[in-house]
There are 2 protein chains.
Amino acid sequence: MSKSPQAQTRPGYHHGDLRAQLIAAVRDLVETHGPEGFSVAEAARRAGVSSAAPYKHFKDRPELLRAVVSEAMDRLHAAMARGAAAHAPGSLEAIAAIGMAYVDFARGEPGVFRLVFGLTEGHEEDAELIEKGESCLGVVVQAVAVRMGLAPDHATVARKAYMLWAFVHGHSFLTIDMKNKDMGTDTDDWTYLLEISRAVLGPG
Amino acid sequence: MSKSPQAQTRPGYHHGDLRAQLIAAVRDLVETHGPEGFSVAEAARRAGVSSAAPYKHFKDRPELLRAVVSEAMDRLHAAMARGAAAHAPGSLEAIAAIGMAYVDFARGEPGVFRLVFGLTEGHEEDAELIEKGESCLGVVVQAVAVRMGLAPDHATVARKAYMLWAFVHGHSFLTIDMKNKDMGTDTDDWTYLLEISRAVLGPG
DNA sequence: AGCAAAAAGTAAGTGCCGCTTACACTGGAG
DNA sequence: CTCCAGTGTAAGCGGCACTTACTTTTTGCT
């Protein structure tokens, strides 16, 4: 029995794997108190360390947030890929499923979703995050390319994929913004996604 | 010659119309330093008053931001209505012009645009803001209803209008997020908007 | 094994911010 | 003229981001 309450998986260095614990704490805080109502100090408190400890792992607050965003984008990308793989390649259902994964992510963790986009805490200059964003778009592009029987770098493919992405992106934000409003069930999402895919790509 | 540097238009009460000056200062700050890099204290400094003065006009920071958002939504609504009025009612061009006004607003003042949406500083519980948001959507609904020859409260009209709004909303965010990227000219916007309108509503 | 250095933590301090309290001025109504 | 509501200030509280100086633990070199 270790006497420290942390030290989950890592037998690592000194106390526990603080870096991972901080990221987890931030995720939780952002989800419960919103992206604004979070502080490095509170995250440190939750991890059971002093308020200066986080700065051994992250240069400053934006860097910590960027780490959370990076991890979130990995999960988003994985979810989108899973959605695509669950249906016949190039089918409308596959494309709608990619969008559904996106919307599900936003509904499931709206705070983190807002953090990934929304904020301008400097992650538009982070090459790694930009690459991950393009990688997510790539899932859509790939599916559209298959459906249209064109190369993924074809201009029309990029155009259609962007239009689908913009709709899904906007729909995700509107969904988490008006949580109290009428429209918002999962099945509504699905019919929207099928309809927009059909409208943009033509029937199948 | 008044010795105080403020007191622009109002000979009003005591010093100047501080309320309006604060809103203007916040708009400027949000635009130049981003929605996060703004403070009530700095806004007060710009208006030439003490850091406690704003609290005579606004209960707290969120209320000040909500005032900025409210004013911004008025301008957004006016711009959308202007866009609609500039073309034949029910034309694809009218509908695209509404979307164009939306995107133009986002491009023109991305900081304020992010403030209006994005943030959760409590304005999802503000009845006035909710009403103004619905009023903006109403412009789209009205135009779609005219085009489809249906009543504005018809379910299909609401559905199509929502789909168009979601696209425009997402496109606006993506546009201001990747300011460095390739796609982003005004004419690109216009062709996108015409294409999505045609895809959703059918050719005309 | 032994030890120097690096990694990972703490305590305390600085300056800014949000917000409150107590007080001062100003202008208009009675 | 006086009082008072409206509008401003000064000063202070607690919290946060971040730094500096210091301690402790892990690691890697010989």
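Throughout, protein chains are lettered first and strands after them, A, B, ... in sequence-line order, and every chain is numbered starting at 1.
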Atom [atom1] of [X] and atom [atom2] of [N]: how far apart are they, to the nearest Å?
X: B/Phe58; N: C/dC19; atom1: CZ; atom2: P; value: 13 Å
X: A/Leu22; N: D/dA17; atom1: CG; atom2: P; value: 12 Å
X: A/Lys59; N: D/dC18; atom1: NZ; atom2: P; value: 8 Å
X: A/Glu36; N: C/dC17; atom1: CD; atom2: C1'; value: 15 Å
X: B/Leu18; N: D/dG8; atom1: CG; atom2: C1'; value: 9 Å
X: A/Arg19; N: C/dG9; atom1: CZ; atom2: P; value: 12 Å
X: A/Arg61; N: D/dG15; atom1: CZ; atom2: C1'; value: 13 Å
X: B/Glu63; N: C/dG18; atom1: CD; atom2: C1'; value: 14 Å

Any side-chain heavy atom of B/Phe167 sitting closer than 4.5 Å to one from A/His169?
no
Do the side-chain N or O atoms of [X] get closer than 4.0 angstrom to the phosphate oxygens (OP1, OP2) of [N]?
X: B/Ser39; N: C/dC17; value: yes
X: B/Arg45; N: C/dC17; value: yes
X: A/His57; N: C/dA7; value: no

From the list [options], which nucleotide is the closest neighbour of the side chain of [X]?
X: A/Pro62; options: C/dG9, C/dT10, D/dC18; result: D/dC18
X: B/Lys56; options: C/dC17, C/dC19, D/dT9; result: D/dT9
X: B/Tyr55; options: C/dC19, D/dT9, C/dT10; result: C/dC19
X: B/Ala41; options: C/dG18, C/dC19, D/dT19; result: C/dG18

Ignoring hydrogens and angles, state whether a donor on the side chain of A/Arg159 or B/Thr191 is under 3.5 Å from an acceptor on the partner side chain.
yes
Reckon A/Ala52 touches a base, only the sugar-phosphate, or nothing at all at heavy-atom distances under 4.0 Å?
base
Between A/Tyr162 and B/His171, is the ring centre distance below 6.0 Å?
yes
is_close_aromatic(B/Phe173, A/Phe173), centroid dist under 6.0 Å:
yes
Between B/Phe38 and A/Ala53, which residue's closest nucleotide on DNA chain C lies nearer the 5′ terminus?
A/Ala53
Is A/Glu31 paired with A/Arg27 through a side-chain N to carboxylate O contact shorter than 4.0 Å?
no
